[in-house]
Visitor: 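Structure in structure tokens, see below.
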2 protein chains.
Amino acid sequence: MLNAPVYTSASLKAELNEKGWRLTPQREVILTVFQNLPEGRHLSAEDLYALLEEQGEGISLSTIYRTLKLMSRMGILRELELAEGHKHYEINQPHPHHHHHLICVRCSKTIEFKSDPILKIGTKAAQKEGYHLLDCQLSIHAVCPTCQRSLLV
Amino acid sequence: MLNAPVYTSASLKAELNEKGWRLTPQREVILTVFQNLPEGRHLSAEDLYALLEEQGEGISLSTIYRTLKLMSRMGILRELELAEGHKHYEINQPHPHHHHHLICVRCSKTIEFKSDPILKIGTKAAQKEGYHLLDCQLSIHAVCPTCQRSLLV
DNA sequence: CCTCAACTGAATATTACTGTCAATAAGGCG
DNA sequence: CGCCTTATTGACAGTAATATTCAGTTGAGG
Ligand SMILES: [Mn+2]
Ligand SMILES: [Mn+2]
Ligand SMILES: [Zn+2]
Ligand SMILES: [Zn+2]
């Protein structure tokens with residue numbers, strides 16, 4: 001199954017240190033933000049920057065970009081293509097919370113849905129090729145009912 | 001099932017004209033390139049630009065970007081995130097050729113695989129929400145065997 | 001044919017993201 | 001507990017993919 005444990009401050013530190021990296025206050029704060037994000041909420045780098053600014057925990061954009069990339073490559077976060085021009089991120093949750101996205105290519109309205117079979121198929125495909133699984137996401141690109149009605153293309 | 005017909009020059013023209021758009025030589029050439037691309041080959045905007053340059057059918061980068069976007073939003077092409085920093089494109093094939101991608105997040109080595117169940121699940125999910133399906137792609141982010149061995153993170 | 005709006009290409013602009021570098025602070029170790 | 005090494009941060013500057021603008025062109029309907 002998807003290797004996506006629930007991270008605590010301690011387990012994050014352990015995993016970072018194992019690779020010669022460090023746990024910094026910034027990384028801890030960013031992980032916490034994503035862990036407390038309500039279901040269905042996705043953040044861009046700028047979103048996260050603004051949100052932290054509000055909370056008085058200002059972190060530089062450089063660090064935000066670096067951390068998002070790092071945590072995605074560690075499998076802690078998922079990198080999503082929900083809108084044109086920039087990425088969105090969410091926490092990478094294990095089995096019962098793992099989900100996929102149905103996205104309107106016109107207005108970016110996104111609906112989440114779950115599917116155990118897909119997770120199984122993805123896990124098996126990675127296994128078969130000897131790849132170490134980080135994330136597995138079905139992206140359905142489509143046109144939402146509202147945008148179908150609006151005649152604009 | 002996925003609404004991804006095999007396009008001829010005539011059917012492409014019909015679909016464009018229906019929306020008040022036009023069939024241009026540039027669009028025709030670009031469609032042909034993707035239709036003749038071997039399985040497993042994916043092109044970036046720059047790749048396509050260079051390839052056309054070689055063939056003596058130079059098309060401006062502006063037009064290439066515009067056409068790739070247009071055809072993706074029409075469901076003729078698929079937009080893929082196979083590497084960092086730029087998108088790749090391939091023709092959006094119907095059922096027996098439809099496939100997914102297993103991608104190494106370190107070196108971008110990509111393996112394609114097919115899955116009927118996934119296509120069915122995606123179709124159903126879109127239907128249920130009244131979305132008009134364009135494309136449905138499982139992206140598996142993982143670390144390939146070679147990159148697992150190289151200790152670099 | 002004729003008209004007109006969609007399209008192209010060249011040049012320019014935008015902006016998400018990356019690289020650089022000096023200052024700082026984790027974390028291993030004695 | 002300090003010390004030392006080096007990963008990390010933040011400010012700033014830089015890059016590159018992609019979008020936009022606009023004047024000239026051309027497809028398509030009548
Ligand atoms: Mn989500
Ligand atoms: Mn492919
Ligand atoms: Zn929409
Ligand atoms: Zn690899």
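Just so it is clear, the model here is predicted, and its values are computed rather than measured. Basis for what follows: all heavy atoms, side chains included, without hydrogens, waters or symmetry-related copies. Residue numbers start from 1 in every chain, and the chains themselves are labelled A, B, ... in the order their sequence lines are given, proteins ahead of strands.
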Visitor: Take the protein atom CG of A/L52 and the nucleotide atom P of D/dT9, then report the distance between them rounded to whole Å.
Guide: 13 Å

Visitor: Please give, in whole Å, the distance from D/dG10 C1' to A/E53 CD?
Guide: 12 Å

Visitor: Tell me whether the side-chain N/O atoms of A/N17 come closer than 4.0 Å to OP1 or OP2 in C/dG27.
Guide: yes

Visitor: Can you give me the closest heavy-atom contact between B/C104 and B/V143, atom names plus distance?
Guide: SG-CA, 4.0 Å

Visitor: Regarding A/E28 and A/S9, is there a side-chain donor-to-acceptor distance under 3.5 Å anywhere?
Guide: yes

Visitor: Report, as a single string ordered 5' to 3', how protein heavy atoms within less than 4.0 Å touch nucleotides 2-14 of chain C: B base, S sugar-phosphate only, - not at all.
Guide: ---BBSBBBB---

Visitor: Within the distance-only criterion (no hydrogens, no angle test), does the side chain of A/Q35 pair as donor or acceptor with the backbone N or O of A/Y7 below 3.5 angstrom?
Guide: yes

Visitor: Separation of A/E79 atom CD from C/dA16 atom P, in whole Å?
Guide: 15 Å

Visitor: Within this structure, what is the CD1-to-P distance between A/I30 and D/dT8, rounded to whole angstrom?
Guide: 13 Å

Visitor: Send over the distance from A/E46 CD to C/dT15 P, rounded to a whole Å.
Guide: 11 Å

Visitor: Counting only N and O atoms by type, is there a donor-acceptor contact under 3.5 Å from the side chain of A/K114 to the main-chain atoms of A/P96?
Guide: yes

Visitor: Among residues two or more places apart or on two chains, list those pairs meeting ring-ring contact (aromatic ring centres under 6.0 Å, His included) that have a residue in residues 46-93 of chain A.
Guide: A/H86-A/H88

Visitor: Atom NZ of A/K87 and atom C1' of D/dA17: how far apart are they, to the nearest Å?
Guide: 12 Å

Visitor: If only side-chain N and O atoms of A/Y65 are considered, is one of them under 4.0 Å from the OP1 or OP2 phosphate oxygen of C/dC17?
Guide: yes

Visitor: Without decimals, in angstroms, what is the distance between B/L48 CG and D/dT18 C1'?
Guide: 15 Å

Visitor: Flag the pair A/C136 / A/L119 as yes when at least one side-chain heavy-atom distance between them is below 4.5 Å, and no otherwise.
Guide: yes

Visitor: Let me know the distance between CG of A/L12 and C1' of C/dA26, rounded to the nearest Å.
Guide: 13 Å

Visitor: If the plane angle is over 60° it's perpendicular, under 30° parallel, otherwise tilted; pick one for A/F113 and A/H100.
Guide: tilted

Visitor: DNA chain D: stems of at least 3 consecutive Watson-Crick or G-U pairs, cut-off 3.5 Å?
Guide: C:1-30 with D:1-30

Visitor: For residues B/H98 and B/N92, is any side-chain donor paired with an opposing acceptor at under 3.5 Å?
Guide: no

Visitor: With a 4.5 Å cut-off on side-chain heavy atoms, are B/H141 and A/E79 touching?
Guide: no

Visitor: D/dG27 phosphate, OP1 or OP2: any side-chain N/O from B/K13 under 4.0 angstrom?
Guide: no

